[in-house]
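These notes concern the structure reproduced below.
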2 protein chains.
Amino acid sequence: MIRIILVDDHAVVRTGYRRLLDAEPGLQVVGEAASADEANALVLRTTADVALVDLSLRGSSGIEAIRGMLARCPTLKVLVLSMHEGAGHVTQALRSGALGYLTKYCEPGEVIDGIRRIAAGKRVFSPEIAQVLAEEAIDGDGALAHLTPREFEVLRMLVHGESATGIASSMHLSPKTVLNYLTLIRQKLDADNDFKLLHLAARHGLVDMNHALGA
Amino acid sequence: MIRIILVDDHAVVRTGYRRLLDAEPGLQVVGEAASADEANALVLRTTADVALVDLSLRGSSGIEAIRGMLARCPTLKVLVLSMHEGAGHVTQALRSGALGYLTKYCEPGEVIDGIRRIAAGKRVFSPEIAQVLAEEAIDGDGALAHLTPREFEVLRMLVHGESATGIASSMHLSPKTVLNYLTLIRQKLDADNDFKLLHLAARHGLVDMNHALGA
DNA sequence: CTGCGCTCGGGAATTTTTCCCGGTTTGTCG
DNA sequence: CGACAAACCGGGAAAAATTCCCGAGCGCAG
């Protein structure tokens with residue numbers, strides 16, 4: 001019998017999983033948690049084999065929950081079940097000790113299958129996630145790495161909301177030069193629109209989103 | 001017997017709801033859809049009383065699905081079940097014809113109760129949503145408020161990284177129309193560059209920065 | 001010294017964005 | 001029911017931005 005803990009801040013989703021998994025022979029849900037704190041408390045008072053963790057919890061993140069649970073119960077097998085496919089989430093989860101990573105787009109059967117494989121100590125990934133990991137490996141050291149210092153600087157000011165002419169005067173450059181840099185940057189980063197630029201910049205810690213965008 | 005359609009792009013979540021609702025006397029799930037297009041097709045070949053709609057679908061959004069379904073079946077009662085509490089989402093959903101709006105944080109019992117109330121023609125809101133609506137009313141018309149549904153939809157896809165042509169095909173529009181919408185949006189929001197656009201969108205909960213930008 | 005890459009910017013071609021237009025649909029109000 | 005406003009959709013031409021291509025100066029490693 002595989003004993004399972006559910007960590008997800010959506011009550012409805014938890015209930016759905018509980019019904020799904022309890023109906024499966026050999027699987028049993030032994031606890032639910034809606035936050036990292038609850039998850040930490042839960043692993044201390046129950047013995048579980050597998051934790052099914054959603055990454056986007058309220059307050060603290062699922063990453064936090066994973067670290068806390070593994071610190072208290074190192075034999076726990078963590079399977080992330082997230083709707084986020086971003087490379088950042090995946091690598092962070094794996095570094096924190098997760099064994100597998102499925103997206104919520106997958107079929108219920110895949111989740112059940114995944115839990116069994118995880119419990120057996122194997123790794124499990126959705127096809128989309130495998131794709132992300134592959135690209136990450138190919139990219140190597142981050143796309144921002146081979147920007148020149150000036151280019152990097154221009155990008156940094158841009159994602160902080162500066163206009164091209166603003167950057168120019170701030171850097172004592174011709175607006176034309178800044179525009180030319182921007183063209184180069186967009187090419188090097190393979191970003192056909194500014195939102196992708198922002199995505200990349202954020203991923204590399206170039207800008208603190210919560211502050212910059214006034215969340 | 002209340003006949004229910006599920007619209008959610010997560011297969012696991014749909015299955016969870018199906019089990020939850022089918023187990024309830026008087027409720028019956030008669031169809032599932034993972035996208036706006038599927039939802040549109042579904043309402044034509046089934047007779048349903050209530051649609052349970054998640055706002056964040058892949059490709060087109062739940063707003064799109066709501067409009068399409070109501071155009072084809074005006075008597076359908078739409079209950080939104082979203083994880084987004086942003087004011088923008090709520091007002092747009094209501095304007096598009098949704099009768100109620102629950103967050104995924106609520107208990108399963110609340111969802112079942114909500115469906116019964118919606119089927120009876122009543123409005124249903126989570127406490128958090130009521131809160132949002134109240135603030136919205138006090139604030140007056142937030143900047144995003146006087147975007148039309150289509151404009152809002154275009155903006156939503158844009159800040160999620162879609163290209164203009166991508167949005168066009170996804171919404172079954174001419175690229176030219178999308179470009180025209182973008183011009184209008186930038187004017188209405190007084191944003192001379194795309195970063196300010198993202199800034200506004202983030203403030204109004206249109207996009208979760210930490211998630212979208214993979215922090 | 002010589003080559004190479006970064007820095008800086010001009011000018012012209014190209015693309016995108018804007019602005020303005022008209023037609024259709026939808027919904028509301030007298 | 002008719003009138004009217006507002007939203008929806010897209011075309012075409014002008015205006016603005018971006019890209020492309022170019023060359024010059026500079027510092028530095030081979």
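Note that the coordinates shown come from a computational prediction; the quantities given were computed from them, not determined experimentally. No hydrogens, no waters, no symmetry mates; every other heavy atom, side chains included, goes into these values. The chains referred to below are lettered A, B, ... by the order of the sequence lines, with proteins before strands, and numbering in each begins at 1.
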**Report entry** Protein-nucleotide distance (A/Leu158, atom CG; D/dA17, atom P), rounded to Å
**Finding:** 15 Å
Query - Passing candidate, side chain to side chain contact (heavy atoms under 4.5 Å, CB included) with A/Val154, options A/Leu184, A/Thr177, A/Leu179, A/Ile185 - result: A/Ile185
Query raised in the report: Do B/Ser126 side-chain atoms and B/Ile129 backbone N/O form a donor-acceptor pair below 3.5 Å?
Result: no
Query raised in the report: Given D/dG10, is OP1 or OP2 found less than 4.0 Å from the side-chain N or O atoms of B/Thr177?
Result: yes
**Report entry** Value in whole Å for how far the P atom of D/dA17 lies from CG of B/Asn193
**Finding:** 12 Å
Query raised in the report: Rounded to the nearest Å, what distance is computed from the CZ atom of residue B/Arg150 to the P atom of nucleotide C/dT26?
Result: 12 Å
Query - Side-chain donor or acceptor of A/Glu38 paired with backbone N/O of A/Ala34 under 3.5 Å - result: yes
Query - Reading 5' to 3' through nucleotides 22-29 of chain D, protein heavy-atom contacts under 4.0 Å coded B for base, S for sugar-phosphate only, - for none - result: --------
Query raised in the report: Looking only at side-chain N and O atoms, does A/Thr148 come under 4.0 Å of OP1 or OP2 in C/dG5?
Result: no
Query - Any donor-acceptor N/O pair, B/Thr46 side chain to B/Ala48 backbone, under 3.5 Å - result: no
Query - Gap between atoms CD and P, on B/Glu151 and D/dC9 respectively (whole Å) - result: 11 Å
Query raised in the report: Got a salt bridge between B/Asp22 and A/Arg19, using NZ or NE/NH1/NH2 to carboxylate O under 4.0 Å?
Result: no
Requested in this report: To the nearest Å, give me how far apart CD1 (B/Ile167) and C1' (D/dC9) are.
Outcome: 16 Å
Query raised in the report: Can you check the B/Arg67 CZ to D/dC9 C1' distance for me, whole Å?
Result: 12 Å
Report summary line: To the nearest angstrom, the OH-P distance between A/Tyr181 and D/dC20 comes to 17 Å
Report task. Provide the closest heavy-atom pair for B/Val7 versus B/Ala65 in the form atom of the first, atom of the second, distance. Result -> CG1-CB, 4.4 Å
Query raised in the report: Nearest-Å distance, CG (B/Leu173) to C1' (C/dT24)?
Result: 14 Å
Report task. Could you tell me whether B/Glu162 and A/Lys196 make a salt bridge, using a distance below 4.0 angstrom between a side-chain N and a carboxylate O? Result -> no
Query raised in the report: Quick one: do A/Glu153 and A/Arg156 make a salt bridge, cutoff under 4.0 Å?
Result: yes
All N/O contacts under 3.5 Å from nucleotides 15-22 of chain C to the protein, with atom names and distances to one decimal?
unit_1 : atom_1 : unit_2   : atom_2 : d
C/dT18 : OP2    : B/Thr183 : OG1    : 2.9
C/dT18 : O4     : B/Lys176 : NZ     : 2.7
C/dC19 : OP2    : B/Gln187 : NE2    : 2.6
C/dC19 : N4     : B/Asn180 : OD1    : 2.9

Query raised in the report: Can we say A/Asp9 and A/Arg14 salt-bridge, meaning some charged N sits less than 4.0 Å from an Asp/Glu carboxylate O?
Result: no
